[in-house]
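One structure below.
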Amino acid sequence: MTKSKIIFIAVLMAVSFSGCSKKAYAQGSVSEAPVQIIEKSPEEIAWENNCLRFDKVFASMSFRFREEVQIVDKKAFFADLEKVLLDEKTYTQDDLPLFYLIDKKHNVGKDYEPKVVKLTDKTNYNFSRNDLSLRPDVEESLSVMGRAAKNDGITLLVSSTYRSYAYQDRLFQHWVDVDGLEEAERESARPGTSQHQLGVAVDFGSIDDSFAETKMGRWMYQNAADYGWSLSFPKNYEDITGYRWESWHFRYIGVPACRLQKKYFCDVQQYMLEFIDAWKNSQGE
């Protein structure tokens, strides 16, 4: 056999073996590690979504909120928050939500009027005027708290309740005339921004700082939360609420919400309502 033929046969065999090797790899004869797809449970997906949602909402809060509010056990928090939001739905559904955020940045229009009932029965509490009214569910809760206070020898005096947009407009202007605009902004809400227009807030007693030291005031501070009533404008939080301390002004939010406020939000109503508002908006509710 000539030398040239030997070289040709060697090259042909090399090409043949090379082709077989590539074909064998392409057919998967060389072993590969299988890809394992792990499916998440609905609970795991919900947990991750809630955590992402929480981080987004928390980051949107004020600097002081982020400094003071420390929520370590998110699992417990999510469970407690869900209970509170479900409780809110048990109240009047043909009106604004019970936790509706109204403050210097969030308002209602001049045409908004809640569905209210007039205060008429002085069995469980007294009231200073005959033109006072509240949302029905709020008045019912006030009666329950009033009975409890009477059992402790205290008679609650209701001094101010629902105020219309027009009434609040006149009241705000009155305080501007008396104290000037800057001071009035600390003590009185502009029309459309008052909790009173929602029909869920009550001013008790003397409507001044002395209320805190009265028997009625001390009873309220110790017991109001047990009946769903929360102090709206606490001491040292004017930068958060927009208003100076008002020892007499309470808003009804329900017992579960009062517990949530105390457990997670430094017992500051504004912190909780701002968080709930942002939480709802983060899901387009």
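Side-chain N/O atoms of Thr241 and Gln270 include no donor and acceptor closer than 3.5 Å. A donor-acceptor contact under 3.5 angstrom links the side chains of Ser143 and Glu139, judged on distance only. With hydrogens and angles left out, the side-chain atoms of Asp103 and His106 include a donor and acceptor closer than 3.5 Å. One side chain, Gln195 or Ser232, offers a donor N or O that lies under 3.5 Å from an acceptor on the other. Using modelled atom types, one finds no donor on one side chain facing an acceptor on the other under 3.5 Å when comparing Asp169 with Gln173. In this model, no donor atom of one side chain and acceptor atom of the other lie less than 3.5 Å apart for Gln70 and Tyr264. No side-chain donor-acceptor contact under 3.5 Å links Ser164 and Glu113. For the residue pair Thr92/Asp137, the side-chain donor-acceptor check at 3.5 Å is satisfied. Side-chain contact check for Tyr112 and Asp95: at least one donor-acceptor pair (N or O, by modelled atom type) lies under 3.5 Å. Side chains of Trp219 and Asp152: a donor on one and an acceptor on the other come within 3.5 Å.
Leu198 and Tyr162 end up in different hydrophobic clusters when Ile, Leu, Val, Met, Phe, Trp and Tyr side chains are linked at under 4.5 Å. Residues Phe233 and Tyr221 fall into different hydrophobic clusters, defined by Ile, Leu, Val, Met, Phe, Trp and Tyr side chains chained together at heavy-atom separations under 4.5 Å. Note on Val144: it clusters hydrophobically with Leu132, by side-chain heavy-atom contacts below 4.5 Å among ILVMFWY residues.
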*Evaluation steps, side-chain contact (heavy atoms from CB on, under 4.5 Å), between Asn126 and Thr155*: CA-CA 7 Å; Asn126 284 338; Thr155 299; 3.6 Å; yes

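The local environment of NZ in Lys110 is sparse, with at most 12 non-hydrogen atoms from other residues, nucleotides or ligands closer than 6.0 Å. Around the CD atom of Glu140, the shell of radius 6.0 Å holds no more than 12 heavy atoms that belong to other residues, nucleotides or ligands. The environment of NZ in Lys74 is crowded: more than 12 heavy-atom neighbours from other residues, nucleotides or ligands sit within 6.0 Å.
For Arg53 and Trp279, the positive end sits near the middle of the six-membered ring, less than 6.0 Å away and at most 45° from its axis. Note that Arg135 lies outside the cation-pi zone of Tyr252, set by a 6.0 Å cut-off to the ring centre and a 45° limit from the axis.
Looking only at distances, no side-chain donor or acceptor of Asp277 sits under 3.5 Å from a matching main-chain atom of Leu273. For Gln93 (side chain) and Lys89 (main-chain N/O), a donor-acceptor pair under 3.5 Å exists by modelled atom type. Panel note: side chain Arg190, backbone Lys104; no donor-acceptor pair is recorded below 3.5 Å. The backbone N or O of Ala189 sits less than 3.5 Å from a side-chain atom of Gln168, completing a donor-acceptor pair. Using a distance-only test at 3.5 Å, with no hydrogens or angles considered, no donor-acceptor pair links the side chain of Gln197 to the main chain of Ser194.
Aromatic rings from Phe78 and Trp47 are positioned such that their centres are separated by under 6.0 Å. Separation of the Phe275 and Phe265 ring centroids falls under the 6.0 Å cut-off. Between Phe58 and Phe65, the distance from one ring center to the other falls under 6.0 angstrom.
Salt bridge Arg129/Asp131: present, at least one basic N to carboxylate O contact under 4.0 Å. The pair Arg259-Asp226 does not count as a salt bridge, with every side-chain nitrogen at least 4.0 angstrom from each carboxylate oxygen. Between Asp203 and Arg163 a salt bridge is recorded (basic side-chain N to carboxylate O distance below 4.0 Å). Here Glu246 does not pair with Arg186 in a salt bridge; the nearest charged N to carboxylate O distance is not below 4.0 Å.
Ring geometry for Phe204 versus Phe211: interplanar angle under 30°, hence parallel rather than tilted (30 to 60°).
For the atom pair NE2 of His249 and OG of Ser159, the computed distance is 13.0 Å after rounding to the nearest 0.5 Å.
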